[in-house]
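Predicted model only: the values in this text are computed from it and were never measured. Letters go in sequence order (proteins before strands), and every chain restarts at 1.
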Amino acid sequence: MPELPDVEGYRRVLASCAEGRRVERVEVSDAGVLRGVTPQRLRRELTGHRFGAPERHGKWLIARTDGPTVLLHFGMTGDLLCRPHDEPPHPHDRVTLALDDGHDLRYRDQRKLQGLWLAATEADMDRILGDQGPDALSVSRAELDRLLAGRRGRVKATLTDQSVVAGLGNLLGDEILWRAGIHPARPTAGLSAEERARLEREMRGVLRTSVRAGHVPTGPSWLTGRRDDPDPHCPRCGGPLRRTRMAGRTTAWCPRCQPDGS
DNA sequence: AGAAGTGTTGTTTC
DNA sequence: TGAAACAACACTTC
């Protein structure tokens, strides 16, 4: 599931594959991933333009060119690949940008929950991205304190709210809370300064390691690696993990390591 | 073999 | 305000 670390990986793919390259051809094999733009307009406005340095904000990939900017969101199953022209297409390749050096940039996505947008101006981009909090990688201790202040909901919902902090999804949220020893259903407003400090420290640590790996690691010492086991146990204390639904998503936590505060 | 589960959004409802 | 429920999507698992 693409979260910040995965999208950072796609940003690197985009940088190494396309930066400085010209778009020779635009192939839309499934317009279901195009948002607010027709295949014709995408082809017309993008062909001939050269990619600049790509950016990322939260889970959004920002592909600037010397013309319009392409905005990509990967939903649950999106992927971005750099492949030679002659490599056979994958059934889930929805959009292919043929570049002037013999490579394709391919947006591959099974489920088409999100897709590609085209922004002609900065105002377009702001409208498409909506209300985004600061990127999670750039959030300092003091800033996280400010972001959490005054929040009424549960800490899990707050952490994964893109308008509070951009980039944390379901897996990262659970992983960070588990490492910080904080129960996901705790009210954000009830966290102590010490707990907020742990949250901030674990957020940095988890992000640093995950960004390096290009995804949330699934090793034996990670909650992410255990949470989908048939009978999941806590990598830290060995006790059974709990799984419930919170804010519409499966939430995993360790009742021993993450006291509910009651 | 049909239903539930999967996590990302935005929207709707309470 | 928060949060739950739902839709959208395609595929896997029960």
*Distance, P atom - from B/dT8 to C/dT1, rounded to whole angstrom*: 25 Å

*Using atom CG of A/D174 as one end and atom P of B/dT8 as the other, report the distance to the nearest whole Å.*
10 Å

*In this structure, are over 12 heavy atoms from other groups packed under 6.0 Å from A/R41 atom CZ?*
yes

_d(CG, A/N170; P, B/dT6) in whole Å_ = 10 Å

*Please name the residue in the list A/T224, A/T209, A/N170 that meets the side-chain hydrogen bond (donor to acceptor under 3.5 Å, both in side chains) test with A/E175.*
A/T224

*asked:* How many whole angstroms separate atom CG of A/D131 from atom C1' of B/dT11?
replied: 16 Å

*Can you tell which of C/dG2, C/dA3, B/dT8 lies closest to the side chain of A/E3?*
B/dT8

_Rounded distance (Å) that lies between atom P of C/dG2 and atom CE of A/M246_ = 16 Å

_Distance check needed: B/dT6 C1' versus A/Q114 CD, whole Å only._
15 Å

*Would you mind reading off the distance between A/Q132 atom CD and B/dT8 atom C1', rounded to a whole angstrom?*
12 Å

*Applying side-chain hydrogen bond (donor to acceptor under 3.5 Å, both in side chains) between A/H85 and each of A/D101, A/T96, A/D104, report the one that passes.*
A/D104

*With respect to the phosphate group of C/dA8, does any side-chain polar atom (N or O) of A/K112 fall under 4.0 Å of OP1 or OP2?*
no

*asked:* Can you confirm whether A/F74 sits close enough to A/K59 that some side-chain heavy atom of one is under 4.5 Å from a side-chain heavy atom of the other?
replied: no

_Quick check on B/dG5: is either OP1 or OP2 less than 4.0 Å from any side-chain nitrogen or oxygen of A/T250?_
no

_Can you tell whether the side chains of A/R141 and A/E200 come within less than 4.0 Å, N to carboxylate O?_
no

*asked:* Can you measure A/D228 atom CG to B/dG5 atom P for me and round it to whole angstrom units?
replied: 14 Å

*First encountered from the 5' end of DNA chain B, between A/R245 and A/Q162*: A/R245

*If you check the A/H92 side chain, which of B/dT8, C/dC11, C/dA4 turns out closest?*
C/dC11

*Minimum-distance nucleotide to A/R154 side chain [options: C/dA3, C/dT1, B/dT8]*: C/dA3

*Could you give the OH-to-C1' distance, from A/Y107 to B/dT8, as a whole number of Å?*
10 Å

*Does A/R111 make a side-chain donor-acceptor contact with the base of B/dT8, cut-off 3.5 Å?*
no

*Counting side-chain heavy atoms from CB outward, which of C/dG2, B/dT6, C/dA10 is closest to A/M76?*
B/dT6

